[in-house]
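Single-structure report; data block below.
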Amino acid sequence: MRPLVLLWGCLVLPGYGVLVGPKEISGFEGDTLSLQCTYGEELKKHKKYWCREGGLLISRCSGTIYAEEDGQERTAGRVSVWDSPEELTLTVTLRNLTLQDAGKYWCGVSRLGFDWSFLVSLRVLPGTSRPATQLDSTSAETSLVPSSRSSKSRVSIPMVRILAPVLVLLSLLLTAGLAALSRYLLRRRKEAQLAAETQRMEKVHLPHSVRKEAGLEGRRLGPPSAAPCLVLHH
């Protein structure tokens, strides 16, 4: 049982990595927003990504964008991501915001078993509600970095990665059960063969015992009587 528990721990339990970022960001229509996700040294070589919450079926993401591993910026539509291992940061830039962009997003790091990630809420305000001091600007760019309002990383649990260790554990339990059943059936078979052999030996030795006992009874009866002798006189 102990190896099964260790295997379960290796597949399921998360590590001690750290991933932090802003809990909420907001901007007006047409704005450009930038935010930074900061991660720990132990997550330096893992793949980073940005996605919107609400994937189909077992996925929790839609429109996932993975950062380039060579430190180059990757752009998909109006979204860009850039991973800087030297600074331990993932920078996400959202351009030309629309009201439809409002929602919840994941900033995450891919790992075996569980991903490290945290949830970011994006609010997009109508351009008509922009303060008068910003009416002359065509776009406003805001840079957001982790602060006291940052949310600590929390473990996301994709369904496939939950089922994988469960299936492995069930397979190991099934294998152990089948092995125990095989040993039990083999022991019962040997016992049955031994019982059959014992009965056969008893049947073989029974007539000899009977004959031996009959011979002993004959000796107890004594020798047969001698025939009478006739004496003839002339």
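The model shown is predicted, which means the values in this text are computed figures rather than measured ones. FYI, the numbering just counts along the sequence from 1.
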Next on the checklist: Looking at every heavy atom in both Ala76 and Ile65, which two are closest together, and how far apart are they?
Outcome noted: CB-CD1, 3.7 Å
Checklist entry - Does anything in residues 66-95 pair up under ring-ring contact (aromatic ring centres under 6.0 Å, His included), and if so which pairs, sequence neighbours excluded? => result Tyr49-Tyr66
Next on the checklist: Please find the pair of heavy atoms, one from Arg111 and one from His46, that lie closest to each other, and give the distance.
Outcome noted: CG-ND1, 4.0 Å
Checklist entry - Ignoring hydrogens and geometry, is there a side-chain-to-backbone donor-acceptor pair from Arg78 to Thr32 under 3.5 Å? => result no
Checklist entry - Who pairs with Glu87 by side-chain contact (heavy atoms from CB on, under 4.5 Å), at least two apart in sequence or on another chain? => result Ser84, Thr89
Checklist outcome for this item: Here the gap from Cys61 atom SG to Arg52 atom CZ, rounded to the nearest 0.5 Å, amounts to 12.0 Å
Checklist entry - Are Tyr39 and Pro85 close enough that some pair of their side-chain heavy atoms sits under 4.5 Å apart? => result yes
Next on the checklist: Is it the case that the side chain of Lys48 and the backbone of Leu43 share a donor-acceptor pair, with hydrogens and angles ignored and the cut-off at 3.5 Å?
Outcome noted: yes
Checklist entry - Where is the tightest heavy-atom contact between Phe118 and Gly21, given as atom of each residue plus distance? => result CZ-CA, 3.2 Å
Item to check | Non-hydrogen atoms of Thr93 and Ser34 that approach each other most closely | outcome: OG1-OG, 3.3 Å
Item to check | With sequence neighbours excluded, residues passing salt bridge (Lys or Arg N to Asp or Glu O under 4.0 Å) with Glu197 | outcome: Arg200
Item to check | Sole residue of Val124, Asn96, Leu94, Leu97 in side chain to side chain contact (heavy atoms under 4.5 Å, CB included) with Asp31 | outcome: Leu97
Next on the checklist: Applying side-chain hydrogen bond (donor to acceptor under 3.5 Å, both in side chains), can you list everything that pairs with Arg183, at least two apart in sequence or on another chain?
Outcome noted: none
Checklist entry - Which disulfide (SG to SG under 2.5 Å) pairs, counting each pair once, include a residue from residues 66-115, with sequence neighbours left out? => result Cys37-Cys107
Item to check | pair Leu33-Leu122: side-chain heavy atoms closer than 4.5 Å | outcome: yes
Item to check | Rounded distance (nearest 0.5 Å) linking atom CD of Glu191 with atom CG of Leu186 | outcome: 10.0 Å
Checklist entry - Of all residues at least two apart in sequence or in a different chain, which pass the salt bridge (Lys or Arg N to Asp or Glu O under 4.0 Å) check with Glu68? => result Arg74
Item to check | Partner residues of Arg95 under the side-chain hydrogen bond (donor to acceptor under 3.5 Å, both in side chains) criterion, sequence neighbours left out | outcome: Ser80
Checklist entry - Among all residues two or more places apart in sequence or in another chain, which pass the side-chain contact (heavy atoms from CB on, under 4.5 Å) test with Gln193? => result Arg189
Next on the checklist: Within the 4.5 Å heavy-atom criterion, are Thr91 and Glu73 side-chain neighbours or not?
Outcome noted: no
Next on the checklist: Nearest 0.5 angstrom please: Lys47 NZ to Asp83 CG, how far?
Outcome noted: 11.0 Å
Checklist entry - Hey, what else clusters with Leu181 if you join Ile, Leu, Val, Met, Phe, Trp, Tyr whenever side-chain heavy atoms sit under 4.5 Å? => result Tyr184, Leu185
Next on the checklist: Give me the atom names and distance for the closest heavy-atom approach of Cys51 to Ser62.
Outcome noted: CB-O, 3.9 Å
Next on the checklist: Going by the rule side-chain contact (heavy atoms from CB on, under 4.5 Å), which residues pair with Ser129 if we only count those two or more places apart in sequence or in a different chain?
Outcome noted: Phe28, Leu125, Pro126
Item to check | Those residues that, when tested against Ser121, pass side-chain contact (heavy atoms from CB on, under 4.5 Å) (two or more places apart) | outcome: Glu24, Lys104
Checklist entry - Which atoms form the tightest heavy-atom contact between Asp115 and Ser110, and what is the distance? => result OD1-CA, 3.4 Å
Next on the checklist: side-chain contact (heavy atoms from CB on, under 4.5 Å) for Tyr105 and Val79? Distances and angles first, verdict last.
Outcome noted: CA-CA 12 Å; Tyr105 294 79; Val79 182; over 6 Å; no
Checklist entry - Is there a path from Ile25 to Leu99 through hydrophobic residues (I, L, V, M, F, W, Y) whose side chains come within less than 4.5 Å of each other? => result yes
Checklist entry - For Leu174, what are the other residues in its hydrophobic cluster, where any two members join if their side-chain heavy atoms are less than 4.5 angstrom apart? => result Leu178
